Amino acid sequence: MQDTAFLATRPGISHESFLRTAGRPVASTRALPSPAVAVSQTSGRAGPSPGLLLSAGAGLAAGLLGLKSAPKRQRQQRQQLSSVRLKAFGISIAGTGSAAPENVISNDDLSKVMDTSDEWIMQRTGIKSRHVLKPDESLRSLGALAAKQALEAAKIAPEDVELVILATSSPDDIFGTAPALAAELGASRAIAFDLTAACSGFVFALVTASQYVRSGAVKTAVVVGADCLSRWVDWSDRGTCVLFGDGAGAVVITATSLDKDALLGFQLGSDGTGACHLGVTSTNTPVDLGNGKQGSSSSYGKLAMNGKEVFRFATQKAPE
């Protein structure tokens, strides 16, 4: 799947100004748990962001679960949900951080193991070298290092973090790496989950985290974008493997007043028809489960990319 994400940030811009720009009546902000809006890529009309709908659905689920609780617990949950609905905050970028593996692979290094050269790679990509994780290193630790730097810059303790989102297409664990990353970071109170949207993943994660903060559900969140695609490329394919390296970046976002909101707006989109042009797909091998019934055993292959189509998609959609 090919995703697009466009983000506009500017401190000091009110949500009312943004809503007027997007064409949505300002009065409608009072009915929303957060004044954020998303502009539809297909219709061009403004509407509540997907993150808001997700938050509303989570709140409804929590309310339904609360029906089975004791009366006191029910009252507490209703009060909590009510307080969330009544609040609306802006977001502030409180700190940033980054990390890259110490292991650096140059074009000259690659020329020793495949039919390529520094000149060939530089002419076509402009890339001189790339950082690559060693076999005994993990994406979890790389992401935690970037997040630690961001927290230190923000002067916020890990135990004060309430949400950790890891944007990645190459987790250490298919069940998710964010919880392990949060544990290594020391964010013991945080909700943590992975989000996968390939190249646009960090923007998707930042927009998602901002909805949690804007609604009042959390006050402090860490967003990490990290990948180790070097582990998924075909190192014999010189047209693809030279493009990818490993690294991590992180931001800390905190709640602030609406008049200091740093996120002006965003536009997100996805086009599943391009899935065949870039991805890491699985192969299913039949497994006999008895009485003529079958299941399957799955394994992932190497990263495959149609560079011309990916380039065409990017250059076509970005100007829109």
Side-chain angles (χ1 to χ4, degrees), residues 3-19 21-22 24 28-29 31-41 46-59 83-97 143 146-147 150-151 153-154 156 160-168 178 182 187 190-197 199-226 249-270:
D3 295 317
T4 54
F6 304 98
L7 193 69
T9 61
R10 192 190 329 161
I13 299 298
S14 69
H15 280 84
E16 288 77 12
S17 298
F18 172 62
L19 291 172
T21 302
R24 186 179 183 88
S28 67
T29 61
L32 296 173
S34 164
V37 300
V39 181
S40 169
Q41 195 171 26
S49 75
L52 287 177
L53 299 178
L54 181 62
S55 298
S83 65
V84 167
R85 285 195 294 268
L86 293 174
K87 292 179 180 178
F89 298 94
I91 71 161
S92 173
I93 304 296
T96 63
L151 286 173
I156 293 175
D160 292 330
V161 176
E162 298 170 280
L163 172 67
V164 174
I165 301 180
L166 171 62
T168 185
I191 306 163
F193 59 88
D194 289 14
L195 184 153
T196 300
C199 300
S200 300
F202 182 83
V203 176
F204 274 65
L206 180 60
V207 170
T208 300
S210 72
Q211 306 313 304
Y212 279 87
V213 174
R214 284 177 161 176
S215 69
V218 303
K219 293 183 178 179
T220 303
V222 173
V223 178
V224 181
V251 297
V252 177
I253 64 173
T254 57
T256 188
S257 59
L258 288 175
D259 61 336
K260 296 180 180 178
D261 189 13
L263 182 60
L264 175 62
F266 53 86
Q267 180 174 334
L268 307 178
S270 300

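Heavy-atom basis, side chains included; hydrogens, waters and symmetry copies ignored. What you see is a predicted model, and the numbers here were worked out from it, not measured in a lab.
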Measure the shortest side-chain to side-chain distance between T256 and F89 over non-hydrogen atoms and say whether it is less than 4.5 angstrom. no
G97 to A150 - nearest heavy-atom pair and separation: N-CB, 3.7 Å
At what distance, to the nearest 0.5 angstrom, does CZ of F266 lie from OG1 of T208? 8.5 Å
A154: which residues meet the side-chain contact (heavy atoms from CB on, under 4.5 Å) condition with it, sequence neighbours left out? A94, I156, V252
Any side-chain heavy-atom pair of I91 and D261 under 4.5 Å: yes
How long is the span from the CD1 atom in I165 to the CZ atom in F202, to the nearest 0.5 Å? 10.5 Å
A205 and L195: which non-hydrogen atoms are nearest, and at how many Å? CA-CD1, 4.0 Å
Closest approach of L258 and A88, non-hydrogen atoms and distance? CG-O, 3.9 Å
Closest heavy-atom pair, V161 versus A187, reported as atoms and distance to 0.1 Å, is CB-CB, 4.1 Å
Might you point out which heavy atoms bring A178 and D194 nearest each other, and give the distance in Å? N-OD1, 2.7 Å
Quick one: closest heavy-atom pair of A262 and S92, and the distance? CB-CA, 4.5 Å
A221: partners by side-chain contact (heavy atoms from CB on, under 4.5 Å), with sequence neighbours left out: L163, A209, V213, I253
NZ/K219 to OG1/T254 distance, rounded to the nearest 0.5 angstrom? 11.0 Å
